[in-house]
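These numbers come from the heavy atoms of this one structure, side chains and all, not from hydrogens, waters or symmetry mates.
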Amino acid sequence: MMKIHLLLKKEDIDSNKMHNNKIAVVFDVLLATSTVVSALAFGAKEVIPVLDGTAAEEESKGMEEGSFVLVGEYQGKTIDGFLSPNPLALKEKIQGKTIILSTTNGTVALKNSSEANAVYAASLLNSRAVANHILKEYKDETIILVCSGSSNEFNLEDFFGAGCFIDSLLKQYNGEIDLTDSAIASHRFYQTNKQNGADVLKASRVGQMLSRNGFEKEIDFISQEGAFTVIPKLEGKKHIISV
């Protein structure tokens, strides 16, 4: 039987419990995992998630000039000398390049989930594709859905995104799936609000901040369910590629 657990924020990750063939699917809908998904769909070679700006600069040492771009934010502000992690702003700047990505929450969640047997990045943009892949590869294993949250706080948009993923699983899987209460709540919240995904994202605290800063088009873009079929997977606990 497949089991689905849902963590409400990255601080709930217990690396010791990620062992024993557990599969992690990480959500940071606004914006990190949406950025990862979009970047790979737009032709980036790979994404390297890091914990902070200093780690990003360290990672870039020794890499050929022009082969990579530094992308990142901290507490919602673009890091000096980095590109903004807004997907549409990156579209024309990343073809064939390695993205070294630092964000306040999403890349930290990805790194902190790396003890799982496999780690995937998901958002509304690719939840269906990732769910289908999970069902093909890991039918009877435990799936940990990680909502990144924000600075130890619950985030509405990640909860909604996880619910979308669960909905895709339930629609495609013929067997029995054991959902924790948090997973059930996430799915029911999604079912109630799935016709108004963009509104849910804009109503969230992070969504309101992005809207105030003129990024409503980014939110509309990110709210497109199933827009991409890329399946971003963390390889070697370091590089995210599409499998």
Worked check of side-chain contact (heavy atoms from CB on, under 4.5 Å) between H133 and V243: CA-CA 9 Å; H133 176 80; V243 296; 4.1 Å; yes

Identify, with sequence neighbours excluded, every residue that meets side-chain contact (heavy atoms from CB on, under 4.5 Å) alongside A116. M18, A24, V119

Quick note, salt bridge (charged side-chain N to carboxylate O under 4.0 Å, His left out) partners involving residues 86-106, not counting sequence neighbours, are none

Pair listing, ring pair (Phe, Tyr, Trp, His ring centres under 6.0 Å) test, anchored in residues 200-230, at least two apart: F42-F228

Which heavy-atom pair separates I4 from L169 by the least distance, and what is that distance? CD1-CD1, 3.7 Å

I222 and V29 have their tightest heavy-atom pair at CG2-O, 3.5 Å

Qualifying residue for side chain to side chain donor-acceptor pair (under 3.5 Å) with K10, from T107, N105, N112: N105

Residue pair M63 / I100, side-chain heavy-atom distance below 4.5 Å: yes

Exercise: identify the closest heavy-atom pair between S123 and S127: O-OG, 2.8 Å

From S186 atom OG to D181 atom CG, the distance as rounded to the nearest 0.5 Å: 12.5 Å

So which pairs with a foot in residues 114-125 pass salt bridge (charged side-chain N to carboxylate O under 4.0 Å, His left out), sequence neighbours left out? E115-K237

Around Y74, counting heavy atoms of other residues, nucleotides and ligands shown, do more than 12 lie under 6.0 Å from its OH? no

I need the minimum non-hydrogen distance between I13 and S113, along with the two atoms involved. CD1-OG, 3.6 Å

Applying a strict under-4.5 Å side-chain criterion to I, L, V, M, F, W and Y, I'd like to know whether M209 and V200 cluster together. yes

Results of salt bridge (charged side-chain N to carboxylate O under 4.0 Å, His left out) for K171 - residues two or more places apart only: D167

A quick test of your reading: do over 12 heavy atoms of other residues, nucleotides or ligands sit less than 6.0 Å from NZ of K233? yes

Under the salt bridge (charged side-chain N to carboxylate O under 4.0 Å, His left out) rule, collect the residues that match up with E235, sequence neighbours excluded. none

So side-chain hydrogen bond (donor to acceptor under 3.5 Å, both in side chains) across residues 26-52, not counting sequence neighbours, yields E46-T98, E46-H239

Sequence neighbours left out, what passes salt bridge (charged side-chain N to carboxylate O under 4.0 Å, His left out) with E225? Give chain and number order. R128

Contact summary for V50 and S102, nearest pair of heavy atoms: CG2-CB, 3.7 Å

When every non-hydrogen atom of V47 is compared with those of A39, the smallest separation belongs to CG2-CB, 4.4 Å

Can you confirm whether Q75 is buried at CD, in the sense that more than 12 heavy atoms of other residues, nucleotides or ligands lie under 6.0 Å from that atom? yes

Heavy-atom neighbours of K139 NZ exceed 12 at 6.0 Å: no

Pair listing, salt bridge (charged side-chain N to carboxylate O under 4.0 Å, His left out) test, anchored in residues 201-210, at least two apart: K202-E216, K202-D220

Tell me if a side-chain donor or acceptor on S148 pairs with a main-chain N or O of A109 at a distance below 3.5 Å. no

One pair to check against side-chain contact (heavy atoms from CB on, under 4.5 Å): F68 and I48. What are the steps and the verdict? CA-CA 10 Å; F68 68 92; I48 300 177; over 6 Å; no

Quick one: side-chain hydrogen bond (donor to acceptor under 3.5 Å, both in side chains) pairs with a partner in residues 153-163, sequence neighbours left out? N155-E157, E157-S204

Without placing hydrogens or testing angles, list every side-chain donor-acceptor pair under 3.5 Å for residues 76-89, not counting sequence neighbours.
from	atom 1	to	atom 2	distance (Å)
S84	OG	N86	N	3.4
S84	OG	N86	ND2	2.5

With K9, which residues qualify under salt bridge (charged side-chain N to carboxylate O under 4.0 Å, His left out), at least two apart? D12

Is there a donor-acceptor pair closer than 3.5 Å between any side-chain N or O of T192 and the backbone N or O of R188? yes

Hydrophobic clusters here meaning ILVMFWY residues chained together by side-chain heavy-atom distances under 4.5 Å, can you tell me if L8 and V108 are in one? no

Are side-chain heavy atoms of L201 and L124 found at a separation under 4.5 Å? yes

Spacing of N117 atom CG and E141 atom CD [to the nearest 0.5 Å]: 6.5 Å

